[in-house]
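Report on the following structure.
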Amino acid sequence: MPSMSRYLALLDTPRVQFVLIAASVLGLIIGLETLILHLTTDPLADVHAYYDAGARLNAGLPLYDQPAGTDDAAFYRYPPLLAVAFRPLALLPFQTAALIWEGLLLVLFAGTIVRTGVRNRWTWIVLGWLAAPVAWSLAIGQAQVAVTFLVALGAPWAIAFAAHLKILPALVAVYWLGRRDWRAFGRFIAWGAGLLALSFALEPTGTIAFLGFPDLGQVGGVENRSLYAISPWLWAAFVAGFLAVALRYAPSRIGWHLAVALSVFANPRLLMYQLSTLLAAVRPPDADDPSTADSPAATEAPR
């Protein structure tokens, strides 16, 4: 059977490169259209969820007792730490707070590009493919931008932090579990527990409430890209199979890519903007390891 290296080498052939770059350019065009659409129809729409959550905490109200329904952009479905972080911003007028938050997201997006490699051709090729999800995330002020940055960092503390913004980034830890990297996995667990303790210290009522808050009823009636929209059983089988594959191939050159993809596609409520986190798969944590030198994600400079 041909080795993984031979398959990866195919990506460097001129014809394949032409197709990949053409698809990236097409994606960029669609991304620009998506950006214009959301900037003109629902700019910074998702910031309402974080802002309103922070305002409820400032007013001493229950975090998850909210007027917005699960299909509304203002519905807060996230762990408490994000709402706690928004408490200072919730003291400001919404427009001011939203602009500050958007400025932070732009900085984090730039940080993601730097992390994956400004001189790495795969950064720009994959960014073109994902231009529409990235544009949507930025236009509506989605916390997915912050999640993508943290996952791109690839450190145990960063994955734990991302899991406290949205739960499913915790699945990236299968990368260390499958590689039997107990030290990194232990750090992830320790950071996760520490952040949970911090969350409880800052917002005990909301933290306890969140433990019983998430459920599959929150999938709602959105334009769902997950297999859950077809069949919950099919989705469950897909996630189980994907998890097994990610664990099996964690030590390989595609291990990081699979772990990041699992954290995205395991979501039963998968909206297009969430695909933007696939950009974090471009550069694995061990990209500087010589054993990953022929991986597309580890190719730092054009040939």
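FYI, the numbering just counts along the sequence from 1.
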Determine whether [X] and [Y] make a side-chain contact, defined as any pair of heavy atoms from C-beta on separated by less than 4.5 Å.
| X | Y | result |
| --- | --- | --- |
| Val147 | Leu150 | no |
| Pro285 | Tyr175 | yes |
| Phe149 | Val107 | no |

Using every non-hydrogen atom in the two residues, find where [X] and [Y] come nearest and quote the distance to one decimal.
| X | Y | result |
| --- | --- | --- |
| Ser137 | Val145 | CB-CG2, 3.7 Å |
| Thr116 | Leu279 | CG2-O, 3.7 Å |
| Phe242 | Leu258 | CE2-O, 3.6 Å |
| Ile36 | Thr40 | O-OG1, 2.7 Å |
| Pro251 | Leu247 | CD-O, 4.1 Å |
| Phe75 | Gly69 | CB-O, 3.1 Å |

Sequence neighbours excluded - salt bridge (charged side-chain N to carboxylate O under 4.0 Å, His left out) pairs with any residue from residues 70-83:
Asp71-Arg269
Count the heavy atoms of every other residue, nucleotide or ligand shown that sit under 6.0 Å from CD of Gln218, and state whether that count exceeds 12.
yes
So does Trp233 have more than 12 non-hydrogen atoms from other groups sitting under 6.0 Å from CH2?
no
Are the side chain of [X] and the backbone N or O of [Y] linked by a donor-acceptor pair below 3.5 Å?
| X | Y | result |
| --- | --- | --- |
| Arg56 | Leu63 | yes |
| Trp124 | Val118 | yes |
| Gln274 | Leu271 | yes |
| Thr207 | Ser199 | yes |
| Thr123 | Arg119 | no |
| His38 | Pro43 | no |
| Ser276 | Val134 | no |
| His164 | Leu81 | no |
| Trp129 | Val25 | no |
| Ser226 | Asn267 | yes |

Ring centres under 6.0 angstrom apart ([X], [Y]):
| X | Y | result |
| --- | --- | --- |
| Trp157 | Phe188 | no |
| Tyr50 | Trp101 | yes |
| Trp235 | Tyr228 | yes |

Residue among Tyr76, Tyr78, Tyr64 satisfying ring pair (Phe, Tyr, Trp, His ring centres under 6.0 Å) with Phe213:
Tyr64
For Leu35, which fellow cluster members are found when Ile, Leu, Val, Met, Phe, Trp and Tyr are connected by side-chain heavy-atom distances below 4.5 angstrom, either directly or through intermediates?
Leu39
Quick check on the hydrophobic clustering: are Trp136 and Leu26 connected, directly or via other members, by side-chain heavy-atom contacts under 4.5 Å?
no
According to a 4.5 Å side-chain heavy-atom criterion applied to Ile, Leu, Val, Met, Phe, Trp and Tyr, with indirect links allowed, do Leu28 and Trp122 form part of one hydrophobic cluster?
no
side-chain hydrogen bond (donor to acceptor under 3.5 Å, both in side chains), that's the test. Do Asp52 and His48 meet it? Break it down for me.
CA-CA 6 Å; Asp52 292 350; His48 286 282; 4.9 Å; no
Would you tell me whether Tyr273 and Gln144 have side-chain atoms, one donor and one acceptor, within less than 3.5 Å of each other?
no
